[in-house]
Amino acid sequence: MKININVDESFSALEVNINCSELSEDVERIISAIRMSSKQLVVKNTQSDEDVILDAREIAYAEAIDRKCFIYTKNNVYETSYKLYELEALFSGMKFCRVSKSCLVSLKFISSIKTELNHRLRLTLKNGEAIIVSRQYADNIKEQLGVKKNG
């Protein structure tokens, strides 16, 4: 593999060119790593069955159901090959929090929070969806949202 880097002040944006004889598994891994560094994912639209490049900032939450992982935005649902723990690592530093064993939520999409029975929480998202936070993750969510003081 040969790597060329061209630094030129005339470039206004980062541009990556990959030249290869075939789209091998190694090339696909390189592309995936580049997309992860820019917080973009390739996901499958569940309605049209086409692959879409999705910016992580558009994601309201991600949920694992029956060994599949789904990503929800304001208006669409996508399926991804990533595991939930991989998305959690990818989204680190982006204000995503685990709310249950099977769900991650973007804090910026939360519009309200309500305490439920058994120390659980109900999060209402900006799109009107409600998500239950399990007891195990409730204190962390409260801290992240500034509802509960740390310590």
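Excluded from the calculations below are hydrogen atoms, water molecules and symmetry mates; all remaining heavy atoms, backbone and side chain alike, are included. Computed from a predicted model, the values in this text were never measured in an experiment.
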| In terms of hydrophobic clusters joined by side-chain contacts under 4.5 Å, are Phe109 and Ile132 together? | no
| remark: Heavy atoms of Asn45 and Tyr78 approach each other most closely as CA-CD2, 3.6 Å
| query | Between Asn127 and Glu129, does any side-chain donor sit less than 3.5 Å from a side-chain acceptor? | reply | yes
| request: Step by step, work out the side-chain contact (heavy atoms from CB on, under 4.5 Å) result for Leu84 and Leu104. | output: CA-CA 8 Å; Leu84 205 58; Leu104 289 172; 4.1 Å; yes
| field | Residue list, side chain to side chain donor-acceptor pair (under 3.5 Å) with Lys44, at least two apart or on another chain | value | Asp51
| task | Would you kindly confirm whether Leu117 and Ile113 end up in one hydrophobic cluster when ILVMFWY residues are joined by side chain heavy atoms under 4.5 Å apart? | result | no
| task | Enter the distance from Ser106:OG to Lys108:NZ here, rounded to the nearest 0.5 Å. | result | 5.5 Å
| With side chains defined as the heavy atoms from C-beta onward, is the minimum distance between Leu121 and Lys114 less than 4.5 Å? | no
| query | Between Cys97 and Ile141, which heavy-atom pair has the shortest distance, and what is it? | reply | CB-CD1, 3.4 Å
| Atom CZ in Arg120, atom CZ in Arg135: separation rounded to 0.5 Å? | 8.5 Å
| task | For residues Arg122 and Ile131, determine if any side-chain heavy atom of one lies less than 4.5 Å from a side-chain heavy atom of the other. | result | no
| said: If hydrophobic clusters are built from ILVMFWY residues whose side chains come within less than 4.5 Å, do Val77 and Val99 share one? | reply: yes
| message | Closer than 3.5 angstrom, by distance alone: can the side chain of Thr124 be matched with the main-chain N or O of Ser112 as a donor-acceptor pair? | response | no
| field | Nearest atoms (heavy-atom pairs only) where Ser81 meets Glu86 | value | O-OE1, 4.3 Å
What side-chain donor-acceptor pairs closer than 3.5 Å can you find for residues 65-75, not counting sequence neighbours?
residue, atom, partner, partner atom, Å
Tyr72, OH, Glu63, OE1, 3.3
Thr73, OG1, Asn76, N, 3.1
Thr73, OG1, Asn76, O, 3.3

| message | One pair to check against side-chain contact (heavy atoms from CB on, under 4.5 Å): Leu107 and Val105. What are the steps and the verdict? | response | CA-CA 6 Å; Leu107 297 179; Val105 172; 5.6 Å; no
| task | Determine the minimum heavy-atom distance between Ser134 and Ser100, stating which atoms define it. | result | OG-CA, 3.9 Å
| Between Gln144 and Lys95, which heavy-atom pair has the shortest distance, and what is it? | OE1-NZ, 4.5 Å
| query | With no hydrogens and no angle check, is any side-chain donor or acceptor of Asp8 less than 3.5 Å from a backbone partner on Ser10? | reply | yes
| message | The test is side-chain contact (heavy atoms from CB on, under 4.5 Å); show your working for Asn6 and Phe11 and say whether it passes. | response | CA-CA 10 Å; Asn6 182 15; Phe11 289 126; 3.9 Å; yes
| query | So, Asn118 versus Glu116: side-chain donor-acceptor pair below 3.5 Å or not? | reply | no
| task | Establish whether Met94 and Val43 are linked, either directly or via other cluster members, by ILVMFWY side-chain heavy-atom contacts under 4.5 Å. | result | yes
| query | Are Val52 and Tyr82 joined in one hydrophobic group, where the rule is that I, L, V, M, F, W and Y side chains link up if heavy atoms are under 4.5 Å apart? | reply | yes
| To the nearest 0.5 Å, how far apart are CG in Leu41 and CG in Leu87? | 6.5 Å
| request: Using modelled atom types only, decide if a donor and an acceptor are shared between the side chain of Arg98 and the backbone of Lys101 within a distance under 3.5 Å. | output: yes
| field | Test side-chain contact (heavy atoms from CB on, under 4.5 Å) applied to Tyr61 and Cys103, step by step | value | CA-CA 7 Å; Tyr61 68 101; Cys103 189; 3.9 Å; yes
